[in-house]
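Right, one structure below, let's go through it.
Quick caveat: nothing in here was measured; it's all calculated off a predicted structure.
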Amino acid sequence: MTQAQEHPTDHPAAPDPGPAPLPPAPDPVEAVPAWWRIAVLGLQHVLAFYAGAVVMPLLVAEGLGLGPADTAALVNTALVACGIATLLQTVGLPGIGVRLPVVQGMSTAAVPSLVSVGAAAGGAEAGLPTVFGAVIAAGAVLFLVAPLFSRLVRFFPPLVTGTIVTVVGVTLMGVAARQVGGGDPGAAGFGTPVHLGLAAVTLGVILLLHRFARGFLASVAVLLGLVAGTLVAAFAGRADFSRIGEAGWLGLQAPLHHGAPRFDVMAVLAIVLVMVIIAVESIGQFFAVGEIAGRPVGERDITRALRADGAATVLAGLLNSFPTTVYSQNVGLLRLTGVVSRWIVAASGVIMLVLGLVPKVGAVVAALPPAVLGGATLLLFSTITVVGAQILLKADLGDARNTVLVAPVSVSDFFRRPIRNSPNTFRPASSRRSSRAASCSAPSPPSPSTSSSTTCRPRWPPGERRGDSA
């Protein structure tokens, strides 16, 4: 036997590494579907958002006593502002934007303060420079203090965020119920079987498609439900398409159309307070979107998100519009469809810009009957409650201390609603007696945004309005 055979090599063969590791799963937030899927799914988000976005400027215009031309212009600029805000959140800029599928819409929480500021500055068109000046200043303040707000993340454990999201979902069910009834509780036909039937058709189509359809068809169930409900409404004579022919093809006011902004200290402080409320509520919604998308939200994400909110509010003021916030119905749509690509929501932002720049296209969307929208939002808002419950499951609800901590959050929302919706809140007595500011007479259904549980004030019988003398 040779020496080589007696003493084998001192370097044994390397062990078998086994199968190669699988590549990391693609991030659904960064997925870029085919262009036609992006367009259709983006349109679905716009249809879910549209009614709430146009009601807020209508309420402000009515509260300030603006004419039809200025009211129509506010609606157009609101859609453009929402599109810009949505693109800032989804696509973003360096240091700005959460880069999650977040849809931004007009915040109805700002309506009482905006009406109060405009009325104090002279009302009607004379008060708009002060209103827009306060909006611009408040947006700049939020942009600058965004890093400070992000430190509040440590005070938003699952117990707090889950409670906030759940309360928002439950509260908004009342808004959806109003839409199901026809949108205006003061109308003669509110809650009739016709409205309830249209809502039932829309809801039924969505549920059937979501249960039995697969793939792309299931992801556009809400869109198809809205189309089916609108067709039934048209055959029943309950859809009005006359405004499509009346709307123009192009229309947008120039920036600062009403003159240079005026920066009144008290007006700015009032809108800054509103922005603080919007920011705190938005933080809870950002956590909800992160939960749905499977991407945890941290302090840096909150900083970028609030900077986008602030920058969008500054631009909105320059474009003759108002503050925006995260829209809960679109959060519910993410949960329902499971499609969380931020590029789809970015496409919805582009569609919003088109709707604002081309009023005739916006009139087509505005023709959707309130009851049809109610059938869809009823389901979308219920999914928000489910998301909140899922977040709460991460907290130890068996601990009595946690139960005690949940109660104040729920009760605070209960007391906040009547304050915001009172017809006398933030309004001088003369204004209360002369007009029904921001009443439920707007032709579109109330805004289902996160920042307010109800968007129209109750109609008080003559002589029984709270706060007025007999």
When every non-hydrogen atom of Ile38 is compared with those of Pro33, the smallest separation belongs to CD1-O, 3.4 Å

Q) More than 12 non-hydrogen atoms from neighbouring residues, nucleotides or ligands closer than 6.0 Å to CH2 on Trp35, yes or no? A) no

request  = Would you please test Trp343 and Thr90 for side-chain contact (heavy atoms from CB on, under 4.5 Å) and show each step?
outcome  = CA-CA 7 Å; Trp343 301 109; Thr90 54; over 6 Å; no

query = Is there a side-chain contact between Phe322 and Pro57, using heavy atoms and a 4.5 Å cut-off?
reply = yes

* Going by distance alone, is a donor N or O of one side chain under 3.5 Å from an acceptor N or O of the other, for Asn330 and His45? -> yes

Tested for side-chain contact (heavy atoms from CB on, under 4.5 Å) against Leu88, the lone hit among Leu93, Val98, Val102, Asp309 is Leu93

Heavy atoms of Pro147 and Thr303 approach each other most closely as CA-OG1, 3.8 Å

Taking Ser113 for the side chain and Ala110 for the main chain, is one N or O donor matched with an acceptor at less than 3.5 Å? no

Between the OG1 atom in Thr192 and the CG atom in Leu198, the distance rounded to the nearest 0.5 Å is 8.5 Å

The complete set of salt bridge (charged side-chain N to carboxylate O under 4.0 Å, His left out) pairs with one or both residues in residues 330-343, sequence neighbours excluded, reads Glu30-Arg342

OG (Ser348) and CG (Leu47) are apart, to the nearest 0.5 Å, by 10.5 Å

Heavy-atom nearest pair, Leu256 first then Asn320, reads N-OD1, 3.3 Å

**Request:** State, with a plain yes or no, whether a side-chain heavy atom of Arg262 is found less than 4.5 Å away from one of Pro129.
**Result:** yes

Note: Thr324 and Ala312 closest approach over all heavy atoms is OG1-CB, 4.4 Å

TODO: Verify side-chain contact (heavy atoms from CB on, under 4.5 Å) between Glu125 and Asp70, making sure each step is shown before the conclusion.
DONE: CA-CA 8 Å; Glu125 189 174 358; Asp70 286 328; 3.7 Å; yes

Q. Given Val268 and Asp264, is the side-chain contact (heavy atoms from CB on, under 4.5 Å) satisfied, shown in steps?
A. CA-CA 6 Å; Val268 170; Asp264 179 83; 5.8 Å; no

The reported gap from SG in Cys82 to CD1 in Ile351 (rounded to nearest 0.5 angstrom) is 13.5 Å

_Using only atom types and a distance under 3.5 Å, with no angle test, would you say the side chain of Ser341 pairs donor to acceptor with the backbone of Ala31?_
yes

d(Ser107 OG, Met56 CE) to nearest 0.5 Å is 6.0 Å

To the nearest 0.5 Å, atom CG of Leu306 lies from atom CG of Leu144 at 12.5 Å

Next on the checklist: Run the salt bridge (charged side-chain N to carboxylate O under 4.0 Å, His left out) test on Asp301 and Arg99 for me, step by step, so that the C-alpha distance in whole Å, both residues' side-chain angles and the decisive distance to 0.1 Å come before the verdict.
Outcome noted: CA-CA 8 Å; Asp301 300 307; Arg99 290 172 176 81; over 6 Å; no

| task | Taking the side chain as every heavy atom from C-beta outward, state whether Pro101 and Ile344 have any atom pair closer than 4.5 Å. | result | no

- Within-4.5 Å side-chain heavy-atom neighbours: His258 and Phe132: yes

| query | Considering only heavy atoms from C-beta outward, does the side chain of Leu319 approach that of Ile84 to under 4.5 Å? | reply | yes

| message | Please check: side-chain N/O of Gln329 versus main-chain N/O of Ala48, any donor-acceptor pairing under 3.5 Å? | response | yes

Verdict with supporting geometry, Glu291 and Phe286, side-chain contact (heavy atoms from CB on, under 4.5 Å): CA-CA 9 Å; Glu291 175 77 14; Phe286 291 134; over 6 Å; no

If we only count heavy atoms from C-beta on, is the Val135 to Pro323 side-chain gap below 4.5 Å?
yes

Gln44 and Ala221 have their tightest heavy-atom pair at OE1-N, 3.7 Å

| said: Can you confirm whether Pro370 sits close enough to Arg178 that some side-chain heavy atom of one is under 4.5 Å from a side-chain heavy atom of the other? | reply: no

Closest non-hydrogen atoms of Thr86 and Val345, given as atom of the first, atom of the second and distance, are CG2-O, 3.6 Å

* Are any of the side-chain heavy atoms of Phe49 and Leu79 separated by less than 4.5 Å? -> yes

Value for OG1 (Thr202) from CG (Leu373), rounded to nearest 0.5 Å, stands at 8.0 Å

Judged by atom type as modelled, is there a donor-acceptor pair below 3.5 Å linking the side chain of Arg307 to the main-chain atoms of Gly95? yes

